[in-house]
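Here is the naming used below: chain letters follow the sequence lines, and residue numbers restart at 1 for every chain.
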Amino acid sequence: MPELPEVETVRRGLTALVQGAKINSVAVPYPKAIVSDLTDFQTNLAGATIDKIDRRGKFLLFRLSNQKTLVSHLRMEGQYSVEPVGATPHKHTEVIFTLDDDRDLMYNDTRRFGRMQLVPTGKEYQEVSGLAKMGPEPTEADLDITYLTSILAKSHRKIKPFLLDQSNVAGLGNIYTDEVLWQTKVHPETLTDHLSAEEVANLRQNIIQEINRATVHHGTTVHSFSNVFGEVGQFQNELDVYGRAGEPCRRCGTTLVKIKVAQRGTTYCPKCQVQK
DNA sequence: GTCAGTGTTTAACG
DNA sequence: GCGTTAAACACTGA
């Protein structure tokens with residue numbers, strides 16, 4: 001379900017619905033979803049209040065009143081929803097947080113890839129490997145042009161897997177990477193050290209703008225994504241390449257082509273995006 | 001029945 | 001260490 005704009009959309013919904021709520025108890029129908037010690041997880045969450053919900057890259061960070069942070073990654077299809085207390089769990093409900101105010105916060109995950117863990121607040125960047133290595137957020141303030149130029153130049157790999165690697169830039173996934181490369185007119189298999197200074201500058205701008213636009217549209221729904229309110233995103237209507245293989249390029253009319261790059265389906269325009 | 005899939009991690013190999 | 005490829009995770013839907 002989620003790349004950064006979708007996770008941010010979920011974060012905002014969760015903030016509106018459960019910030020300030022107190023957790024009474026936690027049931028875990030699918031224990032594999034919990035990476036940290038299960039007993040510790042349940043014991044420490046009981047009685048804690050959700051003070052705030054942060055996001056870093058594609059991770060959600062529930063800040064709790066007891067100096068602990070619940071780190072949650074939705075992977076492909078994780079979803080949160082809020083139901084009246086005692087609501088019948090879904091077939092793929094993995095964790096149920098019963099709140100003090102007669103509501104249940106449910107975590108559902110059809111594909112069962114999502115994971116969560118409880119860590120001491122402040123230690124999340126050491127204890128969660130994905131967070132420890134996380135690159136800068138794709139924002140004007142954090143994604144420094146000098147940094148981006150430097151890591152692109154010293155890397156010797158294809159631009160697509162480079163952008164999917166969260167340690168380089170946080171938050172991009174398969175959809176937005178294809179979109180951004182099309183906008184920048186760069187072939188997905190172009191080697192990172194072959195990009196011109198102008199292309200790097202454009203790439204940076206397009207990354208920042210695309211993530212922003214998608215967030216404003218509440219994310220992209222292509223398979224199952226919905227926010228905490230059960231609403232789908234709107235950005236799927238704005239996509240130029242993802243899911244459009246066989247259709248004409250919106251810039252030049254050439255038929256878009258789909259290939260595999262680093263094991264991921266990749267759609268691009270063979271005329272606009274020529275490999276150098 | 002087969003295959004692809006919004007993500008990440010790990011192993012094997014050059 | 002760097003990079004690539006394949007596989008694994010688990011399940012749904014085309």
Given 3.5 Å as the limit, does a donor-acceptor pair link the side chain of A:Arg244 with the main chain of A:Pro248, or not? yes
Are any side-chain N or O atoms of A:Glu127 and backbone N or O atoms of A:Glu124, one a donor and one an acceptor, separated by less than 3.5 Å? no
With a 4.0 Å cut-off on heavy atoms, is A:Lys258 in touch with a base, just the backbone sugar-phosphate, or nothing at all? sugar-phosphate
For [X] and [N], what is the distance between atoms [atom1] and [atom2] respectively, to the nearest whole Å?
| X | N | atom1 | atom2 | result |
| --- | --- | --- | --- | --- |
| A:Leu152 | C:dC2 | CG | P | 16 Å |
| A:Leu74 | B:dT8 | CG | C1' | 13 Å |
| A:Tyr176 | B:dG5 | OH | P | 17 Å |
| A:Lys154 | C:dC2 | NZ | P | 10 Å |
| A:Asp165 | C:dC2 | CG | P | 11 Å |
| A:Leu164 | C:dT4 | CG | P | 12 Å |
| A:Asn174 | B:dT8 | CG | C1' | 13 Å |
| A:Arg157 | C:dG1 | CZ | P | 16 Å |

Please check the phosphate of [N] (OP1 and OP2 only) for any side-chain N or O of [X] closer than 4.0 Å.
| X | N | value |
| --- | --- | --- |
| A:Ser155 | C:dG3 | yes |
| A:Lys58 | B:dG7 | yes |
| A:His73 | B:dG7 | no |
| A:Lys260 | C:dA6 | no |
| A:Gln166 | B:dG7 | no |

Electrostatic pair [X]:[Y] at N-O distance under 4.0 angstrom:
| X | Y | value |
| --- | --- | --- |
| A:Arg204 | A:Glu140 | yes |
| A:Glu179 | A:Arg213 | no |
| A:Lys22 | A:Asp101 | no |
| A:Arg111 | A:Asp109 | no |

Regarding the side chain of A:Ser129, the nearest nucleotide among B:dA4, C:dT5, B:dT9 is B:dT9
Exceeds 12 heavy-atom contacts within 6.0 angstrom, atom NE2 of A:His218: no
Only one of A:Arg157, A:Lys158, A:Arg264 clears salt bridge (charged side-chain N to carboxylate O under 4.0 Å, His left out) with A:Glu189; which? A:Lys158
DNA chain B: stems of at least 3 consecutive Watson-Crick or G-U pairs whose donor-acceptor distances fall under 3.5 Å: B:2-5 with C:11-14, B:7-14 with C:2-9
Where [X] and [Y] come nearest, the two heavy atoms and their spacing:
| X | Y | value |
| --- | --- | --- |
| A:Met116 | A:Ser72 | CB-CA, 4.1 Å |
| A:Leu131 | A:Arg56 | CD2-CG, 3.8 Å |
| A:Phe62 | A:Leu105 | CE2-CD2, 4.4 Å |

Protein N or O to nucleotides 12-14 of chain B N or O, pairs below 3.5 Å:
none

Please confirm whether A:Arg251 makes a cation-pi placement over A:Trp182, using NZ or CZ under 6.0 Å from the six-membered ring centre and within 45° of the ring normal. yes
Protein proximity profile, nucleotides 7-14 of chain C - base contact B, sugar-phosphate-only contact S, no contact -, cut-off 4.0 Å on heavy atoms: B-BBBS--
